[in-house]
Q: 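Have a look at the structure that comes next, please.
Chain letters run A, B, ... following the sequence lines, proteins first, then strands; residues in each count from 1.
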Amino acid sequence: MIHQLKKDIEAHLTAAIFEAYQLEVSVIVEEPKKPILGDLSVPVFSLVKAAKIRLDSAVAFVLSSLEQLQEPKRIAQVAVMGGFINLTLDRKVVGRDLIKSFLDDPDLVQILQPVHPETICIDYSSPNIAKPFSIGHLRSTIIGHAIGNLYEKCGHRVVRINHLGDFGTQFGKIIYSYIHFGDQARIEKNPIQELAELYVAFHEQAKDHPEMEEEARRIFKELEQGNPEYVRLWQWFRQESLKDYMHVYEKLHVAFDSYDGEAFYNDKMAEVIDLLHQQGLLKQDSGAMIVDVGADLPPALIQKSDGSTLYITRDLAAILYRKRTYGFDKVLYVVGNEQKLHFEQLKRLVEKMALGYHESIIHVNFGLVLQDGKKMSTRKGKVVRLIDVLDEAVQLSRNYIEEKNPDLPDKESIAEKVGVSAVIFNDLKNFRGNDFEFDLEEMVNFVGQTGPYLQYTSVRINSILSQADFVFDGALDDAWFERDYVYDIIKAIDLYPQTIERSANEYAPSILAKYLLNLASLFNSYYGKEKILVDDLRERNTKLHLLYMVKTVLNDGMHLLGMQVIDHM
RNA sequence: GACUCGGUAGCUCAGCCGGAUAGAGCAACGGCCUUCUAAGCCGUCGGUCAGGCGUUCGAAUCGCCUCCGAGUCGCCA
């Protein structure tokens with residue numbers, strides 16, 4: 001609402017300046033940091049400079065233009081401070097308007113309706129078969145899931161794709177390892193653990209026996225060509241891994257529209273290579289087939305000298321398939337920073353092939369989870385299993401419940417929801433591009449800027465609402481909106497729709513996460529100041545309206561981030 | 001070595017398409033539970049925005065250089 005007013009003022013002033021000076025000055029209306037200065041602020045420096053006029057004439061010009069704006073009610077006060085013109089809005093009107101629009105469209109379907117609904121493919125999670133589901137894949141999973149939710153909320157169609165890492169030379173390695181030192185019974189008992197150990201064992205042995213690498217590549221090539229024994233082992237490993245992953249996804253409440261991994265594209269590779277060949281892009285280089293993708297990037301390796309394919313070949317096949325199958329407007333790859341070059345190459349390949357959609361390929365990169373300041377390595381067996389972290393978080397959550405609320409009826413279910421959500425929120429609250437050091441204590445922290453803080457705030461509100469009956473009858477004590485700490489909450493709620501849009505457009509769930517923390521903090525601060533359930537019905541009803549809005553926004557926001565919403569804890 | 005990303009309070013981070021006195025949480029210290037859930041609230045302490053130069057009325061924000069950290073750099077994914 002305030003956002004709309006801001007846009008209106010910007011448009012009005014830009015037009016007025018053009019009319020008076022024939023100058024295209026794009027006026028920016030900003031929000032002053034200090035609330036005492038007002039709700040909106042117009043700096044006039046750009047006009048001074050462009051029109052080469054004095055500061056005071058620029059101020060006078062803007063002031064008179066503002067008077068012509070058809071804005072009878074909302075702007076209550078205009079004050080000039082140096083080169084800034086500060087506008088203060090009528091808090092009663094803002095509060096009433098907000099509540100009205102909130103009640104008219106509580107799910108924001110009208111406000112967030114896109115001009116052009118798009119189809120967005122999101123490639124995320126994508127764990128590597130036969131390896132434990134690690135913290136690294138947690139990041140991709142929950143960032144991708146949240147971005148998908150955000151786009152859906154904005155009215156777009158989202159296709160969620162789990163591009164399983166179920167193919168490639170790594171399987172040559174594991175199969176080699178299994179044949180030479182594997183044990184069927186042990187794998188059946190504890191598949192992921194054993195398979196991961198086989199993978200580590202391979203790399204340990206290969207240090208002294210480099211010919212093993214060659215052998216692994218040969219096995220993969222045969223797997224690719226359909227060697228029945230290798231295919232059987234591969235299917236077995238894949239199936240066992242998938243079972244394990246589904247367990248994790250269940251805990252995280254994420255699901256996908258497609259689980260077509262790399263292997264799915266095995267029979268679609270020839271098409272890609274033919275296409276590259278026809279366009280004369282493919283060339284041979286020391287036995288392998290490569291494509292030059294420009295002087296600023298290293299060439300892309302499409303086919304190994306033994307004829308088998310690579311990661312990028314499969315990604316290329318996948319994008320062709322996805323364009324045909326889903327007709328995406330955008331395809332997002334939620335994959336770590338370390339693969340930046342890979343996606344630059346992929347994008348360039350698509351551009352070189354003149355397919356016309358290279359601009360819609362977006363690498364939504366995220367920071368690495370470090371251990372002792374360095375990247376974790378599956379090859380050396382240095383991974384942290386997600387399931388262990390989740391278990392730890394749920395246990396801590398149980399402890400809190402025993403300490404704070406031992407009579408809670410459904411302890412176990414709440415403990416699970418709080419613990420898992422804490423881990424999810426901890427990952428989403430900071431900008432995704434930042435690397436971070438693995439720190440279990442930080443991940444399962446429940447105090448301060450955390451998931452449980454948001455849940456707790458919502459629960460507190462819920463507790464009050466459940467003790468009161470109130471009706472949305474519009475009978476409001478609007479004088480109450482004048483109070484700073486109330487008005488701050490109103491302004492924060494008003495900001496919710498644009499926060500969702502920004503969060504989606506920048507592929508940054510952290511924007512929403514920070515917003516929710518701020519809203520919760522404003523509410524808790526208010527909660528400490530005033531009693532809600534007062535005797536005066538009109539006042540009470542007004543407060544309950546506000547609480548209802550805060551709770552609705554908090555719950556909706558948490559849901560978008562992939563957290564579990566609860567009503568008591 | 002080249003390229004990419006980063007360096008803001010003791011720690012974890014916001015702010016970065018230039019705007020007014022750089023903000024949160026944690027930690028530390030001091031308060032607040034006979035009244036709506038204290039997983040909370042209030043207060044105190046804490047800054048050469050890595051360093052330098054430049055552009056500008058105005059720089060944490062833009063440009064260049066230096067230092068430091070991480071990642072990547074054809075037969076892994």
Side-chain angles (χ1 to χ4, degrees), chain A residues 28 30 32-34 37 41 43 45-46 48-49 55 81-84 86 126 128 131 165 167-170 172-173 213 216-217 220 262 285-290 296-306 308-312 314-315 335-342 344-345 365 367-368 370 373-375 378-379 397 400-401 403-405 418 422 426 429-431 433-437 439 442 445-457 459-468 510-511 514 517-518 520-521 524-534 543 547 568-569:
Chain A
I28 307 285
E30 36 193 63
K33 280 184 208 160
K34 302 283 162 187
L37 296 171
S41 180
F45 305 102
S46 52
V48 170
K49 201 168 178 182
L55 186 73
M81 273 192 86
F84 296 93
N86 296 328
S126 314
N128 292 326
K131 293 180 193 171
F167 224 50
T169 309
Q170 50 173 333
K173 293 177 181 178
E213 299 273 358
R217 278 195 286 271
F220 171 60
E262 295 185 54
D285 191 292
S286 18
M289 299 306 276
I290 64 166
D296 54 336
L297 290 179
L301 236 188
I302 300 294
Q303 204 171 26
K304 293 192 269 190
S305 31
D306 67 5
S308 65
T309 60
L310 286 141
Y311 181 45
I312 201 160
R314 295 189 280 273
D315 254 349
V335 180
N337 281 339
E338 75 271 30
Q339 289 191 33
K340 195 169 197 310
L341 178 60
H342 167 79
E344 280 171 8
Q345 289 179 319
N365 61 311
L368 274 48
L370 308 175
K374 303 277 181 198
K375 190 182 166 183
T378 328
R379 296 184 179 192
S397 176
Y400 266 94
I401 293 170
E403 185 195 325
K404 315 243 177 213
N405 199 356
V418 172
N426 182 259
K429 76 175 175 188
N430 292 330
F431 177 67
N434 300 347
D435 287 349
F436 68 86
E437 180 71 21
D439 180 347
E442 182 69 25
N445 180 23
F446 287 14
V447 175
Q449 299 173 326
T450 64
Y453 178 74
L454 296 181
Q455 287 169 318
Y456 181 71
T457 307
V459 160
R460 272 181 143 183
I461 296 174
N462 193 59
S463 172
I464 296 173
L465 292 178
S466 66
Q467 287 170 55
S510 62
I511 293 175
K514 297 277 189 203
L517 284 174
N518 180 248
S521 166
N524 281 320
S525 174
Y526 169 67
Y527 181 89
K529 285 193 177 76
E530 280 186 10
K531 190 167 163 60
I532 310 296
L533 296 173
V534 290
K543 290 177 172 177
L547 261 62
H568 52 270
M569 67 193 280

Q: Using a cut-off of less than 4.0 Å, is there contact between a side-chain N or O of A:Thr169 and OP1 or OP2 of B:A77?
A: yes

Q: Under the salt bridge (charged side-chain N to carboxylate O under 4.0 Å, His left out) test, which residues partner A:Arg217, sequence neighbours left out?
A: A:Glu214

Q: Within this structure, what is the CG-to-C1' distance between A:Leu517 and B:C26, rounded to whole angstrom?
A: 13 Å

Q: When you get a sec, tell me which of B:A39, B:U56, B:A24 is the closest nucleotide to the side chain of A:Gln449?
A: B:A24

Q: Send over the distance from A:Glu442 CD to B:A27 C1', rounded to a whole Å.
A: 11 Å

Q: Any stacking of A:Tyr453 on B:A39, going by centres under 5.5 angstrom and planes within less than 30 degrees?
A: no

Q: Would you say the side chain of A:Phe167 lies within less than 4.5 Å of the side chain of A:Tyr311, judging by non-hydrogen atoms?
A: no

Q: What stems, by residue range, does RNA chain B take part in, given at least 3 consecutive Watson-Crick or G-U pairs under 3.5 Å?
A: B:1-7 with B:67-73, B:10-13 with B:23-26, B:28-32 with B:40-44, B:50-54 with B:62-66

Q: OP1 or OP2 of B:G71 sitting under 4.0 Å from any side-chain N/O of A:Asn365?
A: no

Q: Kindly write out the residues that satisfy salt bridge (charged side-chain N to carboxylate O under 4.0 Å, His left out) with A:Lys340, not counting sequence neighbours, or none if the list is empty.
A: A:Glu344

Q: Would you check if the distance from the ring center of A:Phe431 to the ring center of A:Phe436 is below 6.0 Å?
A: no

Q: Measure from the side chain of A:Leu310, starting at C-beta and using heavy atoms only, and say which of B:G40, B:G74, B:C76 lies closest.
A: B:C76

Q: Taking atom P of B:G74 as reference, at what distance in whole Å does atom NZ of A:Lys304 sit?
A: 15 Å

Q: OP1 or OP2 of B:C75 versus the side-chain N and O atoms of A:Arg217: is any pair under 4.0 Å?
A: no

Q: Please report the distance, rounded to the nearest Å, between CG in A:Leu370 and C1' in B:G69.
A: 10 Å

Q: May I ask you to evaluate whether A:Ser286 reaches the phosphate of B:C75, defined as a side-chain N or O under 4.0 Å from OP1 or OP2?
A: no

Q: Just how far, in rounded Å, is P of B:G71 from CG of A:Asn434?
A: 15 Å

Q: I'd like to check the salt bridge (charged side-chain N to carboxylate O under 4.0 Å, His left out) partners of A:Glu530; sequence neighbours left out, ordered by chain and number.
A: A:Arg483, A:Lys543

Q: Report yes if at least one side-chain N or O of A:Lys429 is closer than 4.0 Å to OP1 or OP2 of B:G25; otherwise report no.
A: no

Q: Please give, in whole Å, the distance from B:C76 P to A:Leu301 CG?
A: 9 Å

Q: Collect all protein-nucleotide pairs involving nucleotides 16-20 of chain B in which both atoms are nitrogen or oxygen and the distance is under 3.5 Å.
A:
from	atom 1	to	atom 2	distance (Å)
B:G19	O2'	A:Glu30	OE2	3.0
B:A20	OP2	A:Lys33	NZ	2.7
B:A20	N6	A:Ser41	OG	2.6
B:A20	N6	A:Asn86	OD1	3.1
B:A20	N1	A:Asn86	OD1	3.4
B:A20	N1	A:Asn86	ND2	3.3

Q: What does the B/S/- profile of nucleotides 33-38 of chain B look like, 5' to 3', with a 4.0 Å heavy-atom cutoff to protein?
A: --SBBS

